[in-house]
Amino acid sequence: MTLILCSLLPLCASGVQAENIALKITKRYLNFPVSHGQERGRMTFETEGEPALSVAIRLAPEEADYWVFRDVSALEGKTVRIAYDGDPRGLGKIYQSDRIAGQDSLYREKNRPQFHFTTRRGWINDPNGLVFHDGEYHLFYQHNPYEREWQNMHWGHAVSKDLVHWKELPDALFPDGLGTMYSGSAVIDCANTAGFSRDGTHALVAVYTAAGPERQVQCVAYSLDNGRTFTKYAGNPVIDSRDKWNSKDTRDPKVFWYAPTGHWVLVLNERDGHSIYTSPDLKRWTYESHVTGFWECPELFELPVDGDPGNTKWVMYGASGTYMLGSFDGRVFRPESGKHRYTSGSIYAAQTYTNIPAADGRRIQIGWGRISHPGMPFKGMMTMPTELTLRTTKDGVRLVSTPVAELDRLFRPLGEWRELTAEEAGRRLEEFGTADRLRIRTTIELSHATDASLTLSGQPLVAYDMNHNTLNGRFYSPQDPTSMRLTADIYIDRTSVEVFIDGGLYSYSMERRPEAGNDRGFRFRGKRVRVCDLEVFSVESIWQPE
Ligand code: FRU
């Protein structure tokens with residue numbers, strides 16, 4: 001299967017002694033063995049007429065812990081020279097095939113989440129470039145294709161027609177001379193303001209951070225084929241603001257079109273908060289203003305309050321999800337209230353979609369779920385897509401997050417009960433204790449102010465304490481401050497749990513961590529907890545193996 005043109009020859013790549021092989025590409029994938037017992041070595045790919053690519057990889061000289069791959073279909077017929085400065089014995093194990101190593105069990109692996117997006121191989125973190133275009137939701141993401149830990153940031157790429165089922169495509173952006181590909185966003189340049197399109201095609205423009213060893217700078221790349229291939233703008237970087245901010249940390253541009261005055265807005269995290277830049281053409285950017293108090297992954301968008309388009313507020317948040325509400329005039333964000341928190345736990349660096357059709361009008365968000373999947377050749381996942389709205393609450397206007405309606409098709413009712421004691425509810429749930437995925441919706445009422453919980457194998461999914469007003473350890477006060485009631489919508493996947501409280505007023509996510517040796521399934525605990533209602537749903541897998 002493997003076509004090795006030259007055997008191991010010493011070569012000096014960047015002054016480091018490296019061995020190399022050359023492969024004429026005849027298949028879709030190159031497969032690489034990885035061993036975590038190895039130090040990372042530097043691997044360089046050189047192909048005539050293509051930009052060189054340099055990555056760090058722990059190439060296994062003997063037994064592999066798992067295999068990773070690079071999609072080389074775009075290089076068919078060309079010769080790729082691969083140099084490696086680590087243990088060269090692994091070089092001979094690299095092989096090409098139309099299938100990735102492990103394809104047969106893909107998406108059916110023991111600890112593969114069944115209704116959360118994960119990548120086939122490697123590490124993922126932040127969602128990037130969330131944009132809807134020509135009937136497709138694009139999900140780009142921070143990706144290390146060569147190991148299940150963070151390194152070598154690329155933009156991975158998946159698309160979906162319904163926000164439920166995803167198809168993974170080849171990586172979209174690769175490290176280059178300016179650095180690795182850090183987080184950013186994407187827009188559709190409908191008016192061709194950047195002039196990237198020559199024939200009326202609407203360019204999908206990605207705006208991202210290139211992270212070099214010394215600087216982080218903002219760059220632009222465009223795609224004229226629905227995100228399948230990108231061309232990096234020759235004038236990159238378009239923003240280099242390190243000197244202004246005396247900080248290397250300047251990253252994660254979030255771009256959107258500001259219709260009232262017709263210009264692009266870019267929100268950038270710099271040193272201690274979010275800066276706002278504007279541009280007529282996505283290339284020339286002018287600094288406008290800065291809001292302190294945020295770290296990484298900025299967001300800024302407008303939402304109606306209680307669905308009233310005549311009464312809107314702007315939401316600004318950072319990677320942790322804490323947010324401020326305020327006003328925005330296209331150049332300056334003026335905070336009015338905050339910071340508030342609507343979600344916590346594993347979720348981080350959540351981003352919202354641009355270019356959602358006006359007839360839909362939803363603000364749809366996906367976050368990075370910081371979740372491990374024990375023993376798997378991949379790490380991290382995306383949280384369920386949610387719709388964000390603003391609702392007037394007893395505390396003022398607040399952000400609310402609920403899973404998008406499209407997900408409903410995954411759930412089939414398995415049982416519904418009312419007015420149960422905790423013991424009765426526990427008995428109803430007994431048969432589901434070993435399910436690898438499940439949705440449970442329940443309203444519970446405490447009779448004593450402390451310590452009511454629903455646990456799964458000893459792990460508290462919902463632990464509510466009205467004495468301290470805490471929910472799984474964080475302050476939460478229901479809308480009726482004297483209420484001892486709480487509604488929880490609980491989504492359990494193989495490795496994670498997401499919980500939406502009281503219709504999405506507060507949500508949290510966590511890794512599934514059963515207590516060692518505890519196989520007792522679900523338990524309601526607490527003094528005379530009343531289970532007002534209880535519904536159980538099965539969850540269909542979102543994966544349809546190729
Ligand atoms: C947030 C973050 C971003 C950065 C990216 C790098 O998780 O640190 O600020 O662009 O991850 O992978």
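Nothing here was measured: the structure is a model prediction, and the numbers come from that model. Whatever order the structure lists them in is the order used to number ligands and atoms, beginning at 1. Side chains included, hydrogens not; waters and symmetry mates left out as well; all remaining heavy atoms used.
Looking at N269 against ligand 1, nothing comes within 4.0 Å, counting heavy atoms.
Counting heavy atoms of neighbouring residues, nucleotides and ligands inside a 6.0 Å radius, atom NZ of K110 does not exceed 12 of them.
Those atoms of ligand 1 that come under 4.0 Å of a heavy atom in Q142, given as number and element, are 5 (C), 6 (C), 12 (O). Heavy-atom contacts of Y348 reach the following atoms of ligand 1: 1 (C), 7 (O) (cutoff under 4.0 Å). The atoms of ligand 1 that sit less than 4.0 Å from any heavy atom of S183 are 5 (C), 10 (O). Close contacts of ligand 1 with R251, meaning ligand atoms under 4.0 Å from a residue heavy atom, involve 3 (C), 4 (C), 9 (O), 10 (O). Under a 4.0 Å criterion applied to the non-hydrogen atoms of M153, ligand 1 contributes the atoms 12 (O). Using a 4.0 Å cut-off to heavy atoms of W368, the atoms of ligand 1 that qualify are 7 (O).
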Exercise for the section: Check the pair S275 / H290 against side chain to side chain donor-acceptor pair (under 3.5 Å), numbers first and verdict last. Expected result: CA-CA 4 Å; S275 294; H290 187 78; 2.8 Å; yes
Problem - Worked check of salt bridge (Lys or Arg N to Asp or Glu O under 4.0 Å) between R362 and E406 - result: CA-CA 12 Å; R362 285 177 300 172; E406 285 89 333; 2.7 Å; yes
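Looking only at protein heavy atoms, the nearest one to atom 10 (O) of ligand 1 is D252 OD1, 2.6 Å. Annotation: atom 2 (C) of ligand 1 to nearest protein heavy atom, D126 OD2, 3.4 Å. For atom 8 (O) of ligand 1, the closest non-hydrogen atom on the protein side is E296 OE2, 2.8 Å.
At least one side-chain heavy atom of P357 sits under 4.5 Å from a side-chain heavy atom of F132.
When H116, R437, R112 are each tested for a side-chain hydrogen bond (donor to acceptor under 3.5 Å, both in side chains) with D493, only one passes: H116. Just one of K379, R121, R58 meets the salt bridge (Lys or Arg N to Asp or Glu O under 4.0 Å) condition when paired with E147; it is R58. A ring-ring contact (aromatic ring centres under 6.0 Å, His included) with F140 is found for exactly one of W166, Y208, F117, W155, namely W155.
Distances between N or O atoms of Y182 and those of ligand 1 include no value under 3.5 Å.
Between Y277 and Y287, the ring-plane angle classifies as perpendicular under the 30° and 60° cut-offs.
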